[in-house]
Protein chains: 2
Amino acid sequence: MSPRSQKLNNQMRSQTLAKIDSAALKVFAACGYHGATMRRIAQAAGLSYGLVYHYYPSKAKVFRRLVDFALTGSLEAMQQFMHASGSAWERMTAYAAMVVSSLFAGDTSLYFVIILQAMTQGRAIAGLPAHISRMFGRYYELLVPVIKEAQASGEAAPGDPAALAAGFFSMVQGLAMLTFQHQGLEERITPALLVNALRNPGYVPRSQSTGRPRPSGRKA
Amino acid sequence: MSPRSQKLNNQMRSQTLAKIDSAALKVFAACGYHGATMRRIAQAAGLSYGLVYHYYPSKAKVFRRLVDFALTGSLEAMQQFMHASGSAWERMTAYAAMVVSSLFAGDTSLYFVIILQAMTQGRAIAGLPAHISRMFGRYYELLVPVIKEAQASGEAAPGDPAALAAGFFSMVQGLAMLTFQHQGLEERITPALLVNALRNPGYVPRSQSTGRPRPSGRKA
DNA sequence: GTCTATACACTGATAGAC
DNA sequence: GTCTATCAGTGTATAGAC
């Protein structure tokens with residue numbers, strides 16, 4: 001019970017917890033919330049079945065923690081880029097570049113899959129749908145003003161900024177799914193793919209204001 | 001056993017089967033494959049539990065049939081538009097318009113959710129992941145040539161056409177998820193949102209060839 | 001064709017030994 | 001802290017009455 005051994009215990013504890021989290025992330029992503037079993041998670045973590053319940057009171061809590069991690073992690077990364085310096089358009093492009101590169105680094109794409117699992121099967125977990133809605137609302141609150149700013153400068157496409165944000169998020173989620181299922185997409189998926197979805201096709205940089213209409217009809 | 005009664009029986013049979021399919025679609029979409037139970041499906045269909053097994057040998061087969069329906073339905077709709085007349089760009093825009101409007105009609109968005117469920121939890125069903133990959137391959141085979149054609153005319157954005165197609169599909173899937181969870185998005189989500197993701201920002205219709213470079217750097 | 005009742009396997013969660 | 005053994009509950013699939 002000396003302070004020394006206590007510190008070691010804490011270290012061991014967090015290490016085991018990390019093993020559980022990592023294993024649960026993989027199993028949940030592969031099988032879904034209901035499809036995953038605590039036995040499988042324990043096995044993937046290389047631990048005994050009962051030990052998982054020493055760290056988590058229930059399967060729902062394990063899942064919930066991963067979802068929280070994914071949601072808050074995404075929000076913080078987004079905040080970091082949206083509150084940075086530079087024009088609105090520059091911040092959006094920088095953010096898109098970060099997102100795409102992160103899809104191929106570590107377990108990031110797994111967290112996107114977890115969010116998707118939570119959206120499609122999270123009704124069984126009390127309060128989870130509301131929590132997701134709340135967090136998504138914060139995403140929009142963060143992104144919409146920047147999109148509006150980029151629309152004012154003419155760089156972002158006109159129209160409902162919230163819809164633009166929704167399209168952006170949708171593409172990110174979908175691309176994460178693809179990278180999760182197939183490998184070797186690093187060179188095919190580029191930030192330009194995301195940025196282009198936000199771009200105003202009629203934008204003329206800042207010199208020649210020929211006043212020509214946008215290339216193609218918008219309501220087609 | 002007269003032909004008359006046999007015909008009536010067939011009619012009843014297909015009617016009951018339709019009830020099961022419709023109920024299963026809703027339950028699977030709401031709970032996921034593993035989260036859905038056969039009891040719930042029977043209850044939603046207004047039928048007894050055992051009767052469902054008179055029409056389907058297993059839960060996996062029910063799900064599999066819905067997935068097949070969704071995948072082949074999407075493919076046929078896509079074929080219809082891609083093989084239509086008009087320029088490649090016109091066909092793509094017409095297809096995008098159809099997709100967006102279908103998201104708000106009937107159970108279409110539910111089928112998109114089913115496909116997503118199959119992608120994220122379908123490993124438990126033998127042969128399903130392979131089948132999905134195969135069908136997705138056919139989507140690409142159908143779409144990529146049209147995108148290439150639209151790139152040649154300058155209307156579609158340059159770059160890997162398969163990646164463009166992937167981004168397009170990703171956005172469709174994500175928007176379907178949103179319309180499934182929240183209602184009243186009919187006016188916010190427009191075909192332009194999808195079309196814009198494919199558009200070449202540097203395209204100049206066909207008159208003034210000022211030769212100016214594309215508005216913004218592509219690798220940002 | 002339709003229903004009820006049941007066998008069997010599996011999973012989440014707990015108890016208790018080391 | 002870690003493990004094994006166990007219980008209660010649930011879900012799939014089947015059997016058999018009507």
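Letters go in sequence order (proteins before strands), and every chain restarts at 1. Computation of the quantities below employed the complete heavy-atom set of this structure, encompassing side-chain atoms and omitting hydrogens, waters and symmetry-equivalent molecules.
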Starting the side chain at C-beta, find the nucleotide from [options] nearest to [X].
| X | options | result |
| --- | --- | --- |
| Arg13(A) | dA13(C), dT11(C), dG1(D) | dG1(D) |
| Ser48(B) | dG12(C), dT4(C), dC3(D) | dT4(C) |
| Lys59(B) | dT2(D), dA13(D), dC3(C) | dA13(D) |

task = Just call it for Ala42(B): base, sugar-phosphate, or nothing, with non-hydrogen atoms closer than 4.0 Å on any strand.
result = nothing
request  = Look at all strands and tell whether Ala60(A) reaches a base, only sugar-phosphate, or nothing, counting heavy atoms closer than 4.0 Å.
outcome  = nothing
request  = Find out whether the Lys NZ or Arg CZ of Arg91(B) is both under 6.0 angstrom from the six-membered ring centre of Phe81(B) and within 45° of the ring's axis.
outcome  = no
What is the distance, to the nearest angstrom, from the [atom1] atom on [X] to the [atom2] atom on [N]?
| X | N | atom1 | atom2 | result |
| --- | --- | --- | --- | --- |
| Tyr56(B) | dT14(D) | OH | P | 16 Å |
| Asn10(B) | dG1(C) | CG | C1' | 13 Å |
| His54(B) | dA15(D) | NE2 | C1' | 14 Å |
| Gln43(A) | dT4(D) | CD | P | 12 Å |
| Tyr53(A) | dG16(C) | OH | P | 18 Å |
| Gln11(A) | dG1(D) | CD | P | 13 Å |
| Ile41(B) | dG11(D) | CD1 | P | 12 Å |
| Tyr55(B) | dT14(D) | OH | P | 17 Å |

message = On the side chain of Arg39(A), is there an atom forming a donor-acceptor pair with the base of dG12(C) - under 3.5 Å, no angle test?
response = yes
request  = Report yes or no: is there a donor-acceptor pair, N or O only, under 3.5 Å between the side chain of Tyr49(B) and the base of dA5(C)?
outcome  = no
request  = Take the angle between the ring planes of Phe28(A) and Tyr33(A) and call it parallel below 30°, perpendicular above 60°, tilted in between.
outcome  = parallel
Terminal axes of the helix from dG1(C)-dC18(D) to dC18(C)-dG1(D) (five pairs each): angle between them, nearest 10 degrees = 0°
ask   = With a 3.5 Å cut-off and no angle check, do the side chains of Arg13(B) and Asn10(B) form a donor-acceptor pair?
value = no
ask   = Does the side chain of Tyr55(B) come under 3.5 Å of the side chain of Asp21(B) through a donor N or O and an acceptor N or O?
value = no
Look only at the side chain of [X] and the backbone of [Y], and say whether a donor-acceptor pair between them is shorter than 3.5 Å.
| X | Y | value |
| --- | --- | --- |
| Gln151(B) | Gly159(B) | yes |
| Asn196(B) | Asn200(A) | no |
| Gln173(B) | Ser170(B) | no |

inquiry  = Does dT2(C) have OP1 or OP2 under 4.0 Å away from a side-chain N or O of Thr16(B)?
reply    = yes
